[in-house]
Amino acid sequence: MKNIIRELGYHMRKDGLLLRVNLLVTVLLIAVMFVSYLTQDDASGFSRLIAASPQILLVLHFGFMGINIGWFTGGDMKDKVINYEILQGHSRLRIFLARTLPAIFLASFIFLFQELLALVIPSAVFGWGDVISYHGVILRILLTLLPALRMAAFLALLTFVVKNSYVIMACSVVLPVLIGILMEGFSEACTYAAGYYNALKLFSYTDWGIYNVDPVKGIVEYMSYTDSLSPSLVIGTVLVSVIMTLLYLLAGYALFRREDLN
Amino acid sequence: MDVIFVIIELILMIGLFVLIGIDGKRPLSKMRLLYLAPFLVAVVCATRMPGEWTLVGAYFGTVLVIGCLFVTKVLSKRILTVISAGLILVSFGLCMLSSTYRRADYLKGFEHGFSVMKEHYVLTEEKGIDWNQLYATYYPKFAEAEAKHDSVLNQKYWMQFAEEFHDGHVGFFNESDSRMIRNLLELMGNDYGLSFVRGSDGTFLAANVEGSEGCMSVLEPGKDYSDAEDYLSESVEEDRLTLWNAGLRNGCVITSWDGKSVEEVMGEVEVIMSNCPDLENDRFFRTMYAAGIGGESVTITFLDENGNEKSVTAPRLGAYLPRLASTMEKIDEGVLESNLGWRELSSDTVLLRIYSMSYDLETYDGADYTEMTDELREQVLALKESGYKNIIIDLRRNSGGSPFMVMGVAKLFAPLGHHVDCYSVVINEKTACFERGEDGKYVKDKALAYDGEDLWNHGRILLLVNGETVSAGDEMTYLMSQYPNVTIMGYTKSNSSCQAVTQVSVGEGALSFSAVPNIDENGDAFIDALADRKGRVPIDIVVPVDRDMVTEIFDRGEDHLLQEAMKELGDPIE
């Protein structure tokens with residue numbers, strides 16, 4: 001199994017394409033942060049943007065995980081490398097785990113890294129402000145690793161279903177749009193229904209919203225935000241993400257176990 | 001959504017059961033994917049519907065079928081499929097039988113609503129609210145509602161809780177209109193074939209009597225109350241004219257109800273549908289609710305049209321809610337006209353109907369009502385040019401809206417000069433809470449003001465109001481009461497609730513409450529009745545409630561208040 005992982009890592013480093021794509025995505029995400037901040041009315045710090053529009057950190061990030069998953073899990077499926085690995089005596093379980101486990105962890109940690117960069121760089125440039133605390137946001141980003149793992153495991157399962165890494169990579173373009181549509185259906189009760197919803201809930205800071213009346217502007221809205229995370233949300237996130245990740249991996253292996261690899 | 005989910009999964013299980021047999025004889029290339037289909041469908045469905053614990057078996061069933069990929073024998077696969085299908089069916093059955101199925105937690109809803117309101121209700125000091133007492137009183141009630149999974153109790157306790165504030169802006173709205181109607185049908189009591197109206201002389205008058213032409217019939221509750229048919233007594237056809245046959249008519253004085261005075265019966269009214277801060281208004285409306293109190297029959301003593309005292313035992317006909325709503329509507333409903341619509345009443349008098357302080361969606365959140373004001377100005381000037389002398393502005397059942405629309409209308413009739421409507425309050429932008437000073441009063445921020453144009457200084461303006469004229473409706477009444485040529489008229493004062501509202505979700509519905517303060521020059525709450533429960537919006541003419549009023553409205557279907565307004569203007573309707 002280690003050899004399979006080393007082999008995939010070697011190809012990844014030699015190819016360089018995955019690295020360049022991830023760099024591009026990171027730059028794109030940071031650019032989105034900059035544009036979002038500069039086009040809003042309030043210039044009191046980056047914290048207000050994060051508190052008011054938490055999904056801005058999530059929509060693109062989640063979708064682009066498909067690129068990493070597709071490449072690492074199924075990048076060589078067309079070349080039938082798996083067939084050769086079986087002929088070499090590797091068990092299907094080892095082949096499956098060698099592809100999926102590093103893929104989901106790598107994709108999730110890249111996701112995490114991109115999130116942190118998208119937070120750190122703009123806040124260093126524009127200032128953080130005092131709407132919500134910096135370490136509170138960092139903690140939530142770190143917790144988002146779990147829903148990201150869940151999402152990555154789902155994409156890995158899909159890779160074994162369609163057996164075409166390019167389709168999964170193409171999903172990276174479709175998924176952000178789909179997620180944007182699914183967001184319409186988000187409610188408190190759906191928190192654990194999908195990895196994306198769970199992540200969105202982790203990024204919800206709104207404590208109280210009200211309005212006031214201004215003689216010129218009319219109705220003006222005000223929001224207060226909270227840093228605290230409820231223990232039940234943290235526990236729920238951990239439990240549901242772990243269970244669903246394991247289920248997705250089980251389903252993927254079950255499919256791969258006796259598959260006719262033609 | 002659950003039904004769709006179950007149906008799809010069962011179809012998949014049946015399909016799998018069949019295909020397993022076919023696959024055993026002639027292997028199907030995509031068969032392995034099909035074993036994953038139920039699981040993937042469950043994952044997709046989960047994004048559109050929250051999880052439900054009674055469906056855990058179904059979720060497990062969709063995972064269990066993945067086990068078919070680990071077994072080779074056809075029989076084993078089929079057994080797994082059958083077990084999975086069985087789990088799905090059993091789970092669905094549990095859902096349907098479970099009283100907690102997709103049901104909100106009433107106690108959690110109360111705790112959430114209570115804590116939010118305690119922190120953000122803006123009239124706590126002004127109305128002398130004792131939050132600890134309220135929590136001690138209502139926590140056990142909501143615990144009872146939750147233990148019994150009783151939506152009716154939940155609705156009842158929320159309505160009682162809202163009434164504690166004597167604030168027209170505090171109320172509970174069930175998320176489902178149909179459920180709310182069903183709950184209210186249970187809560188409003190029984191229909192014996194009449195309503196009450198409190199006369200100005202303290203007597204209680206029969207109104208909306210079954211059998212009177214133009215009054216509601218228990219057999220035709222109206223399309224909003226179609227569920228009321230389930231509450232009709234078996235002998236309703238024979239019993240419905242009991243009161244009529246006994247000589248009880250609209251306007252007859254009710255002297256006792258089941259051996260008690262109507263005043264005593266009013267004390268047994270447990271819930272009312274809309275809150276009246278003013279005590280007199282509260283008495284006026286609460287009287288109507290009293291006619292729903294009783295068991296399978298009530299003994300009514302009344303004075304007939306000749307003044308003779310009679311007694312009749314009135315059986316229960318059905319649910320009281322439709323008749324109560326009908327009575328309120330007949331008394332309170334304003335002229336049926338579009339919002340900001342004009343109607344000519346005579347050669348001297350026109351009516352302007354305003355039932356909501358909203359012009360259009362674009363302007364509602366803004367401060368600029370110039371377009372509306374310009375349009376109205378043209379109309380007013382044209383009417384003046386045409387020789388009209390009087391304007392009746394019908395604000396009955398005005399549910400409120402934008403203060404800027406209020407000013408946009410009022411300025412046309414205000415005396416020349418600068419007028420201040422009210423003041424906003426300084427808000428802490430970080431906590432989104434309104435600031436109080438050391439004296440406990442809210443800190444004044446900006447004035448909402450307008451410049452009067454005095455376009456109607458040649459004639460009179462009459463404002464028609466009632467207890468359901470609320471919020472921005474109250475505001476307009478208050479502002480215009482200060483103009484020299486304006487007269488406020490109604491059976492009761494307007495509601496006296498003028499702070500701006502917000503809503504918080506509380507499980508099975510939403511709790512609305514006053515959350516944005518408006519204050520006057522002295523920093524006191526603008527308009528709202530305080531702990532003394534005296535409405536602070538003036539009224540110039542209180543139209544008497546008497547037999548004539550009741551018969552005019554309920555027998556002849558006339559707009560009695562409007563007729564009185566025309567008489568006041570010296571321009572009676574022929």
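Lettering follows sequence order; numbering is per chain, from 1.
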Contact leader toward chain A among B:T363, B:D368, B:V425, B:D445, where contacts are heavy-atom pairs under 4.5 Å: B:V425
Are A:F46 and A:Y134 an aromatic pair by the rule of ring centers under 6.0 Å? no
State whether the number of non-hydrogen atoms from other residues, nucleotides or ligands found under 6.0 Å of B:F60 atom CZ is greater than 12. no
Mind ranking A:D214, A:V131, A:L158, A:L157 by heavy-atom pairs under 4.5 Å with chain B and telling me who comes out on top? A:D214
How about CD on B:E175, more than 12 heavy atoms from neighbouring residues, nucleotides or ligands closer than 6.0 Å, or not? yes
May I have the step-by-step check of side-chain hydrogen bond (donor to acceptor under 3.5 Å, both in side chains) for A:N212 and B:S424, ending in yes or no? CA-CA 7 Å; A:N212 204 359; B:S424 63; 4.7 Å; no
Which region of A:V216, side chain (C-beta onward) or backbone (N, CA, C, O), has a non-hydrogen atom less than 4.5 Å from a non-hydrogen atom of chain B, or is it both or neither? backbone
Looking at A:V220, A:L255, A:V213, which makes the most heavy-atom pairs under 4.5 Å with chain B? A:L255
So for A:D130, is it side chain, backbone, both, or neither that comes closer than 4.5 Å to the heavy atoms of chain B? both
Taking the six-membered ring of B:Y450, is the NZ or CZ of B:K411 close enough (under 6.0 Å from the centre) and on axis enough (within 45°)? no
Under a 4.5 Å cutoff for heavy-atom pairs, which residue among B:H120, B:K430, B:K446, B:M407 has the most contacts with chain A? B:H120
Tell me, side chain or backbone of B:F70 under 4.5 Å from chain A's heavy atoms, or both, or neither? both
Max heavy-atom pair count under 4.5 Å with chain B, selected residue of A:A254, A:A251, A:G209, A:S224: A:A254
Of the listed B:V116, B:N518, B:L40, B:I427, the one with the largest count of heavy-atom pairs under 4.5 Å with chain A is B:I427
NE2 of B:H419 to CG of B:D451: how many Å apart, nearest 0.5 Å? 7.5 Å
Please look at B:I66 and chain A and tell me whether the side chain, the backbone, both or neither of the residue comes under 4.5 angstrom of a heavy atom of that chain. both
Counting only heavy atoms from other residues, nucleotides and ligands, does the tally under 6.0 Å from NE2 of B:H418 exceed 12? yes
Below 4.5 Å, heavy-atom pairs only: which of B:A367, B:P403, B:G67, B:S402 has the largest tally toward chain A? B:A367
In terms of heavy-atom proximity below 4.5 Å to chain B, should A:F154 be classed as side chain, backbone, both, or neither? side chain
Please verify the inter-ring angle class for A:F96 with A:Y253; under 30° counts as parallel, over 60° as perpendicular, anything in between as tilted. tilted
Looking at A:Y222, A:W208, A:Y248, which has the largest count of heavy-atom pairs under 4.5 Å with chain B? A:W208
